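Structure record follows, encoded as structure tokens.
Keep in mind the model is a prediction, meaning the values are calculated, not measured. First listed ligand is number 1; within each ligand, the first listed atom is number 1.
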Amino acid sequence: MDNRPIGFFDSGLGGLTSIPNLFENLPNERVIYFGDTARTPYGSKAVSTIKQYAMEIAEFLVSKDVKMLVIACNTISATCLDDLRERFPDIPILGIISPAAKKVAGCCTKDNNIGIIATKVTTQSGAYRKRIKELNPDLRVFDTATPVFVPLIEEGIIENEIMDLTIHYYMDEFIRDNKIDTLVLGCTHYPIIRENIERIYPDLKIINPSYEIIDRVRQILKNDDALAGRDNDRENIFYASDLSENFSNMIQKILETEKSNLILKFKNLEF
Ligand code: DGL
């Protein structure tokens, strides 16, 4: 048994979309979350910059004595997982891409045509394509970058015509021309617009990596005999490098709770 918290991190608030599933399935676990809201988005930055930022965040979370690191960000997972594991060999580090790729490879699809929507960096890395093809060479995998979704979501422009138009702009041809039947939300912000996508493309099967990753968290903790006990009286703490009103509003919305129930802290990393 290990009651220490799990360290979750993301370039901003998107990684929060994994947390409700964690609390639902592993209610004894506690988290320390870090969202790099001051420097988001990462998805169009140079890989060397993303690596530097990811190292700083991991360093901070490890200093807080977390028992495991979860990279709740596709862009960081696609580019930094090996470097992080090399730098912190004593702590389990989980990326978000492999659990989702396993789910895709094992699920039935109608035409075997898988679509990935993600940031530019994740798309350019080819990480999803490679991992899914390794697991199931029969699948055809197509990806496309949809970079405007993140700033719209961060601004709370969601149940809205502007978001729907943006979805049509990026995805109509992509889905139609490639006959996509299964879509991976390859950016942790995108579960926030899942309902818009389902409404516009009701026949698509949708895979949410923010959901799939929690199963893997459970497996790792169970194998290491590190699941938290019922007596866990530690708190969940949410750090942001820019503790804006926007972050506070979105966290309440995603976790479906009041601000008074949350411990929100500002943390400026050494840039
Ligand atoms: N949350 C990031 C991801 O999953 C995307 C946001 C960003 O561009 O920083 O890729």
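- A donor-acceptor pair shorter than 3.5 Å can be found between the side chains of Asp36 and Tyr42.
- Scanning the protein for heavy atoms near atom 5 (C) of ligand 1, the closest one is Cys187 SG, 3.3 Å.
- Neither side chain, Thr123 nor Asp143, offers a donor N or O lying under 3.5 Å from an acceptor on the other.
- No hydrogens or angles considered: nothing links the side chains of Tyr53 and Ser11 as a donor-acceptor pair under 3.5 Å.
- Residue contacts with ligand 1 for Cys73 involve both N, CA, C or O and side-chain atoms from C-beta outward (heavy atoms, distance under 4.0 Å).
- The closest approach between Pro41 and ligand 1 falls below 4.0 Å for a heavy atom of the residue.
- The shortest N/O to N/O separation between Thr75 and ligand 1 falls below 3.5 Å.
- Contact atoms of ligand 1 toward Gly43: 7 (C), 8 (O), 9 (O) (distance under 4.0 Å to a heavy atom of the residue).
- Contacts with ligand 1 closer than 4.0 Å are made by side-chain heavy atoms of Thr119 only, the backbone lying farther away.
- Remark: the Asn160 side chain and the Asp164 side chain contain no N/O donor-acceptor pair separated by less than 3.5 Å.
- Contact annotation for Asp10 and ligand 1: only side-chain heavy atoms (C-beta onward) come within less than 4.0 Å of the ligand.
- Residue Ala72 has no N or O atom closer than 3.5 Å to an N or O atom of ligand 1.
- A salt bridge (charged side-chain N to carboxylate O under 4.0 Å, His left out) with Glu56 holds for exactly one of Arg39, Lys267, Arg87, Lys51; it is Arg39.
- Using a 4.5 Å cut-off on side-chain heavy atoms (C-beta onward), Ile213 and Ile71 make no contact.
- No side-chain donor-acceptor contact under 3.5 Å links Lys102 to the backbone of Ile132.
- Ring planes of Tyr190 and Phe149: perpendicular class, angle over 60° (limits at 30 and 60°).
- Residue Tyr42 approaches ligand 1 through these ligand atoms, each under 4.0 Å from one of its heavy atoms: 7 (C), 8 (O), 9 (O).
- Using a 4.0 Å cutoff on heavy atoms, Gly12 does not count as a contact of ligand 1.
- For ligand 1, the atoms lying closer than 4.0 Å to a non-hydrogen atom of Ser11 are 1 (N), 2 (C), 6 (C), 7 (C), 9 (O).
- By the criterion of a heavy-atom distance under 4.0 Å, the side chain of Val150, and not its backbone, is placed next to ligand 1.
- Only the side chain of Thr40 comes within 4.0 Å of ligand 1, counting heavy atoms alone; its backbone N, CA, C and O stay farther away.
- Ionic pairing of Glu245 and Lys259 is not present here: no N-O contact between side-chain nitrogen and carboxylate oxygen is shorter than 4.0 angstrom.
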